[in-house]
Every structure is written in C-alpha cells, then in structure tokens.
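Just below is one structure, and these are the notes that go with it.
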Amino acid sequence: MVKELFENALDAGARVIEIAVEDGGRQSIRISDDGTGMSRDDAVMSLERHATSKIHTAQDLVGVRSFGFRGEALAAICSVSHLEVETSLEDGAGTLVRAAGGSIVDVTPIARRRGTTIRVSRLFYNAPARLKFLRGARSEWRAILDVVGGMALTRRDVRVTLTHDGKPMVTLPSASSLRERLAGVYGGEFAGRLLEVDDLLGATHVSGLVERPADAGTATRRVFLSVNGRSVRDLGIVRAAESAYRSTIPAGVRPTLFLDVVVAADMVDVNVHPAKAEVRFRDRWPIERVVENAVRRALGNFESGATFGRTVWPSPATAPVVAPPVDVETLDHESPPPRDGLFERDEVESTTPEAPVAAPVVDVPPLMQLRRTYLMFEHEHGVVLIDQHSAHERVLYEQFMRTIDRGEQPAQRLLFPMTLHLGPAEAEAFERNRDVFEQLGFEIEGFGGHTLLVRAVPMPHPRFDPERCLRETLASITGDRDAGVHARHERLAATVACKAAIKAGDALSPGEMRALYVALRDTTLPAHDVHGRATIVQLTWDEIERRFGRR
Ligand code: ADP
Ligand code: MG
C-alpha cells in the first residue's frame with residue numbers, strides 16, 4: 001500500500017516525500033508530498049473508483065505486492081479504511097476529503113501548502129477476515145521499510161523521511177549517488193563495504209554496488225534492481241549477477257545486490273506488468289551476460305574469478321609440465337570439473353593436507369617478492385601482483401574446510417605438550433568451539449581452570465606457530481555469538497587460516513613462492529582472500545602501454 005501511495009506522490013512530481021507510520025501501519029499511515037496536488041473535484045474523484053473486488057489478500061494492500069490494475073489504489077484503500085486526502089494545487093486554498101469504507105464523509109476547504117497528504121487509518125476496520133492477515137507491527141513495519149528503501153533507491157533525487165510512532169527512523173536527503181543513498185538507508189558502514197559495478201557494453205550499462213563475497217550470507221540479503229530507471233523484479237538478471245559469485249561463496253548463499261541496468265529503449269518493454277514491477281526483454285541473454293561480467297569484474301577487479309584459471313594462469317592445455325610426476329595425468333586434465341562452491345570436494349587433489357606445499361607440477365613463471373609483501377609475475381595479459389598473506393590465507397582456508405569436510409585430522413603430535421593459560425573469555429570461546437578445533441587437528445585437553453594442554457596441532461606449513469595461532473584465534477572469536485555449526489566451521493577455518501598464514505614482511509624463499517603460486521592456482525577463487533579483499537591485482541599490458549603513451 002505504501003508503494004502505491006509513494007508512486008502516486010512520485011507521479012505528482014514530488015521532490016519531498018514524508019511518511020509517518022503508527023504501530024507498523026496498523027494504526028495509520030500518512031504520506032505527504034509537495035507534488036502537483038489535486039483540485040477539489042479531482043480529490044473527490046480519486047476515491048470514487050471502487051475496486052474492492054481486486055483486493056484478494058491483505059498482502060495486496062499492506063505488503064510488497066502491488067495492485068493488478070492502475071487507477072484503483074486509492075479507491076481500494078478507501079474501501080477498507082478511514083481515509084483522508086488533504087490536497088492543494090498551490091499554497092493557500094486546498095481541500096480535505098474524508099472518507100470511510102469507500103464512502104465520502106465530507107469535503108471541506110482547508111488551507112495548506114501545495115501538494116497532497118493521504119492519511120490511512122483503521123485499515124480493514126470493516127473487513128475482519130482481512131484484518132487477520134495483518135502481521136504484527138514489527139513485520140508490517142519492516143515491510144514498509146523495505147518498500148520505502150526500494151523506492152528511495154530508485155528515485156535518489158527525492159528527499160524521503162520516514163517516522164515510526166513519532167520517532168524519525170529514516171531521513172534521506174536527495175542524494176547524488178547510490179552509495180550515498182544506501183548509506184542513508186542502511187548505514188555508512190554497510191554502504192562503504194560494497195563493491196562498485198560499472199560496465200558499459202554496447203548500449204547496455206550496468207552499474208551499482210554489490211556485496212563482497214566474504215560478507216555474503218552474514219546479514220539480511222537485499223536485492224534491488226532497476227531497469228531503465230524503474231524498480232523491477234527480474235529473476236534472470238538476479239541469477240546472472242549471482243552466477244558471477246560462483247566459487248566465491250558457498251552454494252546457497254545469496255549476495256546482496258543493488259544494480260541499475262540501462263538498455264536501449266527498444267530492447268525492453270517495461271509495461272508488461274500493470275504495476276511495472278516486471279520487465280520483458282526482447283533478448284535477455286546478452287543483457288544477462290553483461291550483468292554477469294560486470295559483477296564479476298567488480299568482484300575480481302579484472303576479468304573474473306571463474307575464468308581466472310584461463311586468463312591469468314597459464315592454461316592447463318598450454319602450460320608445459322616440468323618433470324612430470326606420476327599423477328600429472330589426473331592433475332592436469334584438460335577440462336577440470338566445474339567447482340560450484342568452497343565446500344565441494346575437488347575431484348583431484350593437487351596437494352595432500354599434510355603436505356600442502358607440494359612440488360609444483362605446472363609451469364611456474366619467474367616470481368619476484370616485493371617489499372616482502374607481494375609476489376609479482378608476468379603472464380600473457382599483463383603483470384600480476386599477489387598479496388602473499390591474503391593468498392596464503394585463502395589457500396589455508398580452503399584446506400581447513402576440506403579437512404573439516406572430510407573428517408581427516410592432519411594432526412602433528414607435539415613432542416612436549418604445550419600449556420596455554422587463557423583468560424576466562426578465551427577459555428569460554430575454546431569450550432564453545434572445541435569440536436571444530438578438534439576437527440581442524442588440534443588435540444587439546446582442559447587442565448583445570450583456564451589452562452589448556454595442547455597435545456597435537458595441525459601443521460599446515462613449516463612456519464606455522466601453533467601457540468600464537470591458537471591464542472590469536474581464541475582472542476578474535478571471544479565475542480562471537482552462538483552460530484550454527486556450519487557457520488562456526490567457516491568462521492574458525494577463516495580465523496585459523498588468517499592467523500596461520502604467512503604475514504606481510506615474511507621473506508619467502510623461491511621455493512616457497514613457487515609453492516604458494518601453485519597452491520593459490522588451485523583454490524576456487526584466488527582473486528579474493530577470505531575477507532573479500534583483493535588477493536590479486538592485475539595491470540594489463542593495455543593499461544601499461546597506455547601509461548607509456550604507446551597507445
Ligand atoms: P492511479 O495512480 O493508477 O491513477 P490511484 O488510485 O493511485 O490511481 O490514484 C488515483 C488518482 O488520484 C491519480 O490518478 C491521481 O490523479 C490522483 N492522486 C493520487 N495521489 C496523488 C498525489 N499524491 N498527488 C496528486 N494526485 C494524486
Ligand atoms: Mg496510483
């Protein structure tokens with residue numbers, strides 16, 4: 001319902017829209033605009049087109065779904081509520097129309113500024129069956145927030161305020177960018193973490209902001225899509241954007257997406273749905289491909305995660321194999337099985353968990369370490385820089401997740417069990433996650449009080465310092481709330497990987513660099529670390545040549 005009223009205000013050319021909601025809208029909803037307003041006769045007429053038969057459920061009125069036909073919203077709302085329309089064509093003389101249950105009660109002249117205020121109260125007072133469908137104030141309020149958020153994203157130029165039970169909840173000044181508006185709707189931290197999408201191919205322009213892979217699934221998933229400036233729902237486009245995340249997030253996790261798609265006017269029919277919530281593309285395939293590529297580029301900041309293996313790394317087909325060991329046949333077959341998620345097992349194992357840093361069996365280009373922080377190498381498309389810590393973190397994370405999934409425990413018995421004295425919070429964090437630590441290969445006993453006796457540890461690489469890793473991991477998970485077991489696995493694997501990984505500043509031997517390169521090449525998305533930060537930065541020859549003025 002709020003959507004229809006909001007749309008009416010936009011249709012009237014409003015620049016400022018103020019919404020006041022009482023009790024999640026169950027008491028009243030008031031929406032004021034500074035649009036064109038209505039004459040006395042128009043105001044009366046606007047309520048007179050009864051169309052109660054078109055309202056099927058309460059959700060049609062209150063929730064997200066819109067009316068099936070145009071020209072009925074006000075009349076339909078009016079038929080099941082007390083409704084007041086205050087409107088004026090210009091500052092000064094205006095009209096107040098009061099109605100209830102679809103009948104006009106009175107029409108009085110009033111003084112008001114140009115614009116319109118619609119007030120709906122006692123919704124479904126005369127329709128007890130529908131009243132039952134009204135959800136609790138909280139969920140109705142959340143639905144309203146969603147609708148207003150969505151509308152505000154489509155029309156960033158309009159100033160929008162929203163109050164609930166007299167408290168200002170949302171204040172959105174007219175914004176110049178999507179990020180600015182999102183900061184207003186969902187907060188600056190949320191908006192600041194999103195990655196920018198901006199791609200133009202032919203007449204198709206895809207822009208917007210999307211969630212970092214590492215953030216996906218951590219909070220409510222939000223999707224906003226506009227096509228040629230209209231907020232629409234389109235599963236095909238959303239799917240295309242989601243497929244850009246393939247292999248960066250677990251299967252089933254859905255990323256938050258805010259996308260504006262602009263296509264040539266003759267490519268699209270936005271009027272197929274009377275409420276304009278859906279679009280029909282003449283040929284959707286190429287548009288979906290542009291969307292997918294645009295999002296993928298935003299995630300990897302270059303071509304893609306999925307095609308990464310083909311573009312950045314020497315392709316398996318062309319990479320000469322040095323000193324082929326016995327298992328090279330299985331390792332280097334032409335088309336590796338597609339990997340859908342972090343948690344799928346690889347068909348072939350390039351490295352065993354015990355010895356992840358295996359001898360490279362594919363061609364490794366000459367590698368150079370810069371500032372003891374980055375590895376650099378060249379390939380056919382340009383120069384690539386790898387953040388050694390992020391890269392190693394990624395490698396270890398996937399390795400730990402495989403360990404957990406397979407139930408192997410690559411533990412190393414310590415010659416001398418290590419005692420660890422913990423604070424109460426750390427001890428508690430350990431108890432909560434004891435099972436996962438064990439699955440990761442730690443063998444730990446309580447030793448009275450807050451002391452742990454560590455008998456065995458995973459040994460992911462020779463530089464691994466188990467004591468430090470354990471301490472830092474426990475310290476960083478103390479505040480964690482209880483999560484599902486899968487979330488705890490991921491969280492702990494990610495934290496242990498972070499703490500166990502080589503750091504910026506560690507000098508690497510040529511052999512270690514090669515091993516890292518090979519291990520990273522075999523991860524599902526080498527372009528990102530587990531926090532979603534770039535692991536790899538690529539400078540293309542194109543860019544380099546442009547910088548040198550060769551193009
Ligand atoms: P529709 O918007 O599909 O025409 P509605 O029932 O939503 O049907 O609105 C009926 C009419 O009332 C609109 O066509 C418009 O002329 C007028 N109207 C409704 N809301 C406003 C508003 N906020 N400002 C100006 N006119 C409005
Ligand atoms: Mg309307």
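Just follow the structure's listing: the first ligand is 1, and inside any ligand the first atom is 1.
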Handout entry: Heavy atom of E4, distance to ligand 1 below 4.0 Å
Key = no
Practice task
Run the contact test for D33 against ligand 1 with a 4.0 Å cut-off on heavy atoms, strictly below, and give the result.
Solution key: yes
Exercise for the section: Check each atom of ligand 1 against the heavy atoms of S46 and keep those under 4.0 Å away; list them by number with element. Expected result: 11 (C), 12 (O)
Indicate whether the side chain of [X] and that of [Y] have a donor and an acceptor atom separated by less than 3.5 Å.
| X | Y | result |
| --- | --- | --- |
| D157 | S174 | no |
| S243 | R239 | no |
| S390 | T535 | no |

Handout entry: Lys/Arg-Asp/Glu bridge criterion (N-O < 4.0 Å) met for D34, R113
Key = no
Exercise for the section: May I ask you to decide whether D234 forms a salt bridge with R284, counting only side-chain N to carboxylate O separations under 4.0 Å? Expected result: yes
Please check whether [X] reaches ligand 1 - meaning an N/O of the residue sits under 3.5 Å from an N/O of the ligand, judged on distance alone.
| X | value |
| --- | --- |
| D11 | no |
| A12 | no |
| N8 | yes |
| T116 | yes |

Exercise for the section: State whether the side chain of D33 and the backbone N or O of N8 hold a donor-acceptor pair below 3.5 Å, judged by distance alone. Expected result: no
Fill in the blank from the handout: With heavy atoms and a 4.0 Å threshold, my read on which part of L74 contacts ligand 1 is both
